[in-house]
Amino acid sequence: MRLTRYYMPTLKEKPSEAETPSHQYMLRAGLVRKLAAGIYSFLPMGWRVVRKIIEIVREEMDRAGALEVFLPVVQPAELWQESGRWEVFGKELLRFKDRHERDFCLGPTHEEVIVDLVRGEVRSYKQLPLNLYQIHIKFRDEARPRFGLIRAREFIMKDAYSFDKSWEDLDVSYGKMYEAYSRIFKRCGLDFVVVEAETGAIGGDVSHEFMVWADTGEDVIVFCEGCGYAANKEKASFMLDETEEEGEMKEPEKVYTPDVRTIDEVSNFLGVDPSKLLKALVYRANTGEFVLFLVPGDRDLNEAKAARAVGAESIEMALPDEVLDIAGVSVGFVGPCGLRKKVKVVADRTVKGRKNLVSGANEENYHIVNITPDVHFKVDLYEDIVFAEEGDRCPKCGEPLRFSRGIEVGHIFKLGTKYSAAMKATFLDEDGKEKPFIMGCYGIGVTRIAAAVIEQRHDEHGIKWPISIAPFEVYLLATNMKDESVKKIAEKLYMDLVAKGVEVLYDDRDERAGVKFKDADLVGIPIRVTVGEKRAKENAVEIRLRDTGEVEVVPVSSAVDRVLEIRKELYEELEP
RNA sequence: CGGGGCGUAGCGCAGUUUGGCAGCGCACCAGCUUCGGGAGCUGGGGGUCGCCGGUUCGAAUCCGGCCGCCCCGACCA
């Protein structure tokens, strides 16, 4: 492609709206332009990158035996009402009416549609396993889109759905996707880690996230260098230290603590370390049950774990008047001793065996000190309900856990029968019984991959694309189009490289060399071939790798062969 | 949804405090010179100053309302 015939509007200055490297460079290199908050158009270069990612995803999905389909973006409300998610899904689900006043939504995900597509058609276990996938637009009306394509409202996603007759078969389907995902991200040049994850509101049992290491990431990766354990913040567990506490057990005592409510305030006022305090939090589960959670003052309640502990799908902080009703006191003075109403008490497992703790006295402006669990108050259940903290011990090997930030590029779930059962999607099994499909679902953020790659592979001059998803393989740069020998060599190289099937972006613009070098660095095409006046006199050109900065000078006669060799090596580095 | 900030040429910004000709740099067009890391000179084109209303002889500037965008947090199938 000749740059004079191409559309690559690069920007010299950083657009004010862009903070993170990927966002900045995608705009500056002319890959995308914003249409509205979280909604982007792809320009020719950007779309070439996306198409290459799509092709890698497609190859690996096909290789894993999945079948490509194409499902509608606009979906009728009835399907979502059937699964129960019309009510459950929040404002992220963009709803609207058609001309007949019928409710529709833009698909944020396609479980409902795929289940509807398969039910009734797949009737026998003999037709299983089945894995259907698609690659196209999703729309989620995010509360706060940010970081350009990392959290956009409209984005391209690959989503796959597996249907199996048994949990054992689901394990096989799941394993194939795990393998395919690892191959995909390797081929895209990403440095990633697979973490155990919570399943969240999508439902299901086992789940893994594919996370790309990046300081600008929104997610926290909890990992252990000792044994390779890795989990996301919600899921991460830690090894419990033996906490049989030394010292005499003392008698409880009420203390006047006027308007002293927060952990910090109580800690300061009483001169007690936060770890000796008990945070008492009243929650309402989606089952309607109220629960009092107790966690040490120096730790935070993990709502996902807490919900799981009480067998609820979700939990929500109780409202102030609900707290007043249950504890007989306002938030800040709630504790496990002497609650007005009896509710289930769930304490973090680190609380067990502790002595002489401090908590609210369930009396306005009073705390109670020297209370010991199972002696001065009853705990119905000890469970892991807090977030792991950096430095906690790895649940597998006991080494200290480390935290790092990451971007989620893929997520796989063992869904089970959540949707197949709700939507009555069943098959006839070998034993003649009708059973709901055992499902799995598997997502990859295609456009997010493009951004994640830039987050990982850039420098102060621009992007450093891996060759597999680079918009072009070679940037052919003629330093001076008015110099006849330069132009002649460049034109011939261009024709020869194209003839060999190399994707070349030929910078044949009548620009100064400096402008061309800056653009070449910015757009980050991996192999740069420079035809300059001095070298041209010696019948040589310069080949430079964008990633390493490595330069070699080769005779014009062997330049094409050398480029082919380098290209081959660059692809080999990315092989799974 | 809570907090903060911004909206003036395609991009980056000044001007708003104290009302008085709408500016600067880059980009764009023409010419001359220059030509391996975002050139120089000369001349030029381009604006509903986010929108609506109000105050005023006069509003980018003051007042009221609305909209959009960014950042922090909450949320995130």
Side-chain angles (χ1 to χ4, degrees), chain A residues 9-20 23-24 27-28 30 33-39 75 80 83-94 105-112 138-148 150-153 155 157 159 161 197-204 207 209 216 218-219 232-234 303-304 313-314 316-317 408 411 413 415 418-419 441-443 445 448 460-462 477-483 486-487 507 509-522 528 530-537 541-542 544 549 551 553:
Chain A
T10 55
L11 303 173
K12 197 181 286 190
E13 287 167 292
K14 168 190 152 188
S16 63
E17 70 196 47
E19 288 295 316
T20 54
H23 193 188
Q24 273 176 40
L27 291 166
R28 284 194 52 203
R33 287 293 182 262
K34 185 177 69 184
L35 183 63
I39 300 178
Q75 306 179 8
W80 288 76
S83 72
R85 287 208 289 184
W86 187 256
E87 285 75 30
V88 176
F89 226 102
K91 287 189 180 172
E92 283 75 29
L93 184 64
L94 184 63
C105 63
L106 287 184
T109 176
H110 284 71
E111 280 82 9
E112 282 79 0
K138 294 268 183 286
F139 193 93
R140 295 177 190 172
D141 198 1
E142 295 285 349
R144 181 147 97 86
R146 60 186 115 172
F147 307 142
I150 290 180
R151 174 168 294 260
R153 293 196 291 172
F155 56 98
M157 185 171 177
D159 48 326
Y161 307 88
E198 270 299 330
T199 48
I202 199 163
S207 167
E209 285 173 353
T216 47
E218 295 182 275
D219 297 292
N232 69 11
K233 190 94 205 287
E234 285 65 44
E303 295 186 1
E313 260 182 41
S314 63
E316 216 178 321
M317 266 202 172
E408 178 191 343
H411 201 159
F413 295 84
L415 268 185
K418 178 171 168 136
Y419 297 95
C441 74
Y442 317 90
R448 185 183 274 189
E460 68 273 30
H461 302 294
L477 192 158
T479 57
N480 186 350
M481 291 303 285
K482 292 201 180 84
D483 183 297
V486 165
K487 185 172 177 184
D507 194 342
R509 292 176 299 174
D510 187 15
E511 283 286 354
R512 296 165 65 84
V515 173
K516 298 188 177 192
F517 285 126
K518 288 290 181 189
D519 272 346
D521 284 347
L522 179 60
R528 188 182 84 195
T530 307
V531 185
E533 287 166 86
K534 285 179 212 128
R535 305 271 190 225
K537 288 199 185 84
V541 296
E542 199 177 274
R544 183 177 193 270
V551 177
V553 177

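Here is the naming used below: chain letters follow the sequence lines, and residue numbers restart at 1 for every chain.
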When you compare [N] with [M], how far apart are their [atom1] atoms, in angstrom units rounded to a whole number?
N	M	atom1	value
B:U8	B:U18	P	23 Å
B:G19	B:U56	P	16 Å
B:G45	B:G2	C1'	47 Å
B:C1	B:C11	P	28 Å
B:G50	B:U16	P	15 Å
B:G54	B:G46	P	31 Å
B:G12	B:C69	C1'	16 Å
B:G47	B:C41	C1'	27 Å

Complementary nucleotide for [N] - Watson-Crick or wobble, under 3.5 Å:
N	result
B:U16	none
B:G46	none
B:C1	B:G73
B:C62	B:G54
B:A22	none
B:C41	B:G31
B:A9	none

N or O in side chain of A:Lys12 less than 4.0 angstrom from B:A27 OP1/OP2: yes

With A:Glu316, which residues qualify under salt bridge (charged side-chain N to carboxylate O under 4.0 Å, His left out), at least two apart? A:Arg284

Contact summary for A:Leu477 and A:Asp507, nearest pair of heavy atoms: CA-CB, 4.3 Å

Measure across A:Gly532 and A:Thr479 and return the closest heavy-atom pair with its distance rounded to 0.1 Å. CA-OG1, 3.3 Å

What integer distance in Å separates [X]:[atom1] from [N]:[atom2]?
X	N	atom1	atom2	value
A:Asp510	B:C28	CG	P	12 Å
A:Asp141	B:C1	CG	P	11 Å
A:Asp507	B:G36	CG	C1'	13 Å
A:Lys482	B:C32	NZ	C1'	12 Å
A:Glu13	B:G38	CD	C1'	11 Å
A:Phe517	B:C35	CZ	C1'	12 Å
A:Glu533	B:U34	CD	P	13 Å

Does the [N] base have a donor-acceptor partner in the side chain of [X] within less than 3.5 Å?
X	N	value
A:Arg544	B:G36	no
A:Glu542	B:G36	yes
A:Asn480	B:G36	no
A:Glu511	B:G38	no

Would a distance-only check, ignoring hydrogens and angles, find a side-chain to backbone donor-acceptor pair under 3.5 Å from [X] to [Y]?
X	Y	value
A:Arg448	A:Ile150	yes
A:Gln24	A:Glu19	yes
A:Lys516	A:Arg509	yes

Once base and sugar-phosphate atoms are separated, protein heavy atoms under 4.0 Å mark nucleotides 40-50 of chain B, 5' to 3', with B, S and - as -----------

Of A:Arg512 and A:Leu11, the one whose closest RNA chain B nucleotide lies more 5': A:Arg512

Tell me which of A:Arg509 and A:Phe155 sits closer to the 5' end of RNA chain B, going by the nucleotide each one is nearest to. A:Arg509

Under 4.0 Å, heavy atoms only, any strand: does [X] hit a base, just the sugar-phosphate, or nothing?
X	result
A:Pro108	base
A:Asp483	nothing
A:Lys91	nothing
A:Arg28	base

Please report the C-alpha distance between A:Lys91 and A:Asp141 in whole Å, then the side-chain angles of each, then the deciding distance to 0.1 Å, and finally whether the salt bridge (Lys or Arg N to Asp or Glu O under 4.0 Å) criterion is met. CA-CA 7 Å; A:Lys91 287 189 180 172; A:Asp141 198 1; over 6 Å; no

Give every pair of a protein N or O atom and an N or O atom of nucleotides 69-75 of chain B that lie under 3.5 Å apart, one pair per line with the distance.
from: B:C69; atom 1: OP1; to: A:Ala37; atom 2: N; distance (Å): 2.8
from: B:C69; atom 1: O3'; to: A:Lys34; atom 2: NZ; distance (Å): 2.9
from: B:C72; atom 1: OP2; to: A:Arg144; atom 2: NH1; distance (Å): 3.3
from: B:C72; atom 1: OP2; to: A:Arg144; atom 2: NH2; distance (Å): 2.9
from: B:C72; atom 1: N4; to: A:Arg144; atom 2: NE; distance (Å): 3.4
from: B:A74; atom 1: N6; to: A:Arg146; atom 2: NH2; distance (Å): 3.4
from: B:C75; atom 1: N4; to: A:Arg146; atom 2: NH2; distance (Å): 3.0

Check the surroundings of atom NZ in A:Lys14: do more than 12 heavy atoms from other residues, nucleotides or ligands lie under 6.0 Å from it? yes

Does A:Arg85 come within less than 4.0 Å of A:Glu111, counting only side-chain N to carboxylate O? yes

Mind running side chain to side chain contact (heavy atoms under 4.5 Å, CB included) on A:His23 and A:Glu17 for me, showing each step along the way? CA-CA 9 Å; A:His23 193 188; A:Glu17 70 196 47; 4.1 Å; yes

Apply the test side chain to side chain contact (heavy atoms under 4.5 Å, CB included) to residues A:Val551 and A:Glu542: give CA-CA distance (whole Å), side-chain angles for both, the deciding distance (0.1 Å), then the verdict. CA-CA 7 Å; A:Val551 177; A:Glu542 199 177 274; 3.4 Å; yes

Can you find a heavy atom in the side chain of A:Lys34 that is under 4.5 Å from one in the side chain of A:Pro15? no

